[in-house]
Visitor: 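Below is the structure I would like to discuss, written out as structure tokens.
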Amino acid sequence: MFKFWGRHAPLALAALALLAAIPAAKANAEELEGLLEDVTGQYARAYLAPFTHSFGPNLNSGVYHTAAIPMSRLTIDFGVKVMATHLAAEDQTFQTVIENVDLSEYGYDVPGDPDDLGDIVMSGPTVFGDTETPGNVSGYVNGVQVFSQDTIEGLIDTRYSPMVVPQASIGGVAGLRATVRWLPEMDLSDFGKTKLFGYGLQWSANGLMPTLPVDVMVGFFRQSVDVGTLIETDANSMFIAASKSWKLVTLYGGYAKEDSEMTIAYTYAGNDTGVSFTVDDTQESRVTVGATLNVLAKLNLEMGYGDLTTYTAGLMFGF
Amino acid sequence: MKTMIDNLRRRAVPALLVPVLLAAGLWLGGCESDATAPQDPAPALSEQDAAQQAGFAAMAVAQVGPTVVTFSESGKDVYSRSFIGVASGTVWLDFRLGGAGGTPATWSVGDWARLYTAADEFVTVSVGEGGAVLVALDVTADIDQGQDSAVLGGGGTFQSGVYAATFTFDELAVAAANDYPTGGAMVFTSGGYAVTVTFNGTNLATVAVAGHGTWTFNLDTGALTQPT
């Protein structure tokens, strides 16, 4: 007899969290695309910077919660990982400047200057900034503002860039463990298809060095995320990790080399042209520390510290 | 009983490690993420840019400054005047008799006045298509009621989008009979440049950037002509 609030409650809660996250992510993505349609690619690149730079570190988080991999005992676990990159306070606003630009491209002709030269200053809240205050694009000639246009507000006012992904692992054969992250391809009507797929392999070094006082493993993880036609992301991570387990608790830590890139594509409504740009993530490595609590399920908390600081919580079930 | 205590001890050690690890995480969490959004400084000003800014500030002053001698409105205790035109906005006037420390007076007898914009309010000069120069003023005036003229001191602030500057007056002379300041100067400081705008009673003011040259600024059109 399945009792919702019995021993299956954590599993049900994890499933609910994931199910709740999917439509929320879809709504945010649709709203984001609606906002971006009102700004140029240069504006969008700056506006989205905290998002484009935190998406990869989020994806590359939580790919393990122990370094222990049995040599010949099957292990399976599955569940949900929730990540959030803690953004710098400055990342809630931006200001980007383009100097000596043809202002007629922005609809302003400079009197007496056939080249229409001036400077452009774009500023305002980022995607994670104030949702009430619009941004601004202003043109300057000789140090004086000659036009000013309000743009778009922030999407979510927060200093945490969040993400939720489902994850499953199977291991215990020759010290190997395979991990996947996957969501079925979902057709979101006119927004396009959204999909997530990631895979990785971890190998325990304890088979070669059985006297080590801790478990040690190395591994890699590759992921790809498409959010409609708006976002395409690839992320890769190679890592080495160690852990020490007690009956209830596993402490773990690791070091990873990683990279990611995100491509944004949308149509700028101002001139009905397609905008597309790719951003390479600046974070190249991280140190991870975490703890896994083994009570009914595996609840893990970790912090990844690189150029950005990312917190991860996971709820995994299995044996 | 001993077995139970041993079990508790065995579990207590890892259980205590959890808060220790979390505390370590929080300590590391103090290591802020690097900023990723661009925070570019405003484009650097050239000497001509500083001259242009000073000219627009002078434009607002030329329109508003003579108010200390042209103001006439009976039956009110609090004086203000609103402008619509090249410059728009509202300024407030406080007339005194007997100088700055004198008693409150009406506009018709006062020999000293303070002309100012309210906090967070500006005299606005519209530029281009939606561009603006915002000028805040706090001006003092020694008034000669017989000649309908005054000499201005004090100063104000300039703001145009990402740029900000300050200015002061050096015996700026205004007269009811003249549309433009008849003499004196405004000293404007912006982007490391010291700019002196000199008035001569016409719509053409001289704008000199210390160490860099001199321009002519048209107080009606906002046009800055090449250095002489």
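It should be emphasised that the depicted structure is a prediction, and the values quoted were computed from it without experimental measurement. Throughout, a chain's letter reflects where its sequence line sits, starting with A, and its residues are numbered from 1.
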Visitor: Just how far is it from atom OH of A:Tyr140 to atom CD of B:Gln53, taken to the nearest 0.5 Å?
Guide: 10.0 Å
Visitor: Among residues 116-128 of chain A, which ones touch chain B with a heavy-atom distance under 4.5 Å?
Guide: A:Asp119, A:Val121, A:Thr126
Visitor: Pick whichever of B:Pro41, B:Ser126, B:Ala223 has the most heavy-atom pairs under 4.5 Å with chain A.
Guide: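 If we count pairs closer than 4.5 Å to chain A, B:Pro41 comes out on top.
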Visitor: Applying a heavy-atom distance below 4.5 Å, give me the residues of residues 91-99 of chain A that approach chain B, sorted by number.
Guide: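 So the qualifying residues are A:Asp91, A:Thr93, A:Phe94, A:Gln95, A:Thr96, A:Val97, A:Glu99.
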Visitor: Output the option from B:Ala42, B:Ser46, B:Gly131 having the highest count of non-hydrogen pairs under 4.5 Å with chain A.
Guide: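 The candidate making the most pairs under 4.5 Å is B:Gly131.
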Visitor: Using every non-hydrogen atom in the two residues, find where A:His86 and B:Glu32 come nearest and quote the distance to one decimal.
Guide: CE1-OE2, 4.0 Å
Visitor: Would you please go through residues 142-157 of chain A and name the residues with a non-hydrogen atom below 4.5 Å from one of chain B, in numerical order?
Guide: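 If one takes a 4.5 Å heavy-atom cut-off, the residues of residues 142-157 of chain A near chain B are A:Asn142, A:Gly143, A:Val144, A:Gln145, A:Val146, A:Phe147, A:Ser148.
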Visitor: Working to the nearest 0.5 Å, report the span between OG1 of B:Thr36 and CG of A:Asp307.
Guide: 10.5 Å
Visitor: Sort A:Leu87 into side chain, backbone, both or neither according to what part of it lies under 4.5 angstrom from a heavy atom of chain B.
Guide: backbone
Visitor: Counting heavy-atom pairs under 4.5 Å to chain A, which of B:Pro43, B:Gly161, B:Gly191 comes out on top?
Guide: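 It is B:Pro43.
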Visitor: Please state whether the side chain, the backbone, both or neither of B:Val133 comes within less than 4.5 Å of a heavy atom of chain A.
Guide: side chain
Visitor: Between B:Gly130, B:Pro38, B:Ala51, B:Ala35, which shows the greatest number of heavy-atom pairs under 4.5 Å with chain A?
Guide: B:Pro38
Visitor: Tell me which of these, B:Ala44, B:Gly128, B:Ala37, B:Ser190, has more heavy-atom pairs under 4.5 Å with chain A than the rest.
Guide: B:Ala37
Visitor: Name, in order of residue number, those residues of residues 49-63 of chain A that have a heavy atom at a distance of less than 4.5 Å from a heavy atom in chain B; otherwise write 'none'.
Guide: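 Residues in range: A:Ala49, A:Pro50, A:His53.
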Visitor: If you tally heavy-atom pairs under 4.5 Å against chain A, which of B:Leu45, B:Leu224, B:Val162 wins?
Guide: B:Val162
Visitor: Could you tell me whether A:Glu284 atom CD has more than 12 heavy atoms of other residues or ligands within 6.0 Å of it?
Guide: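 Open: at most 12 neighbouring heavy atoms sit under 6.0 Å from CD of A:Glu284.
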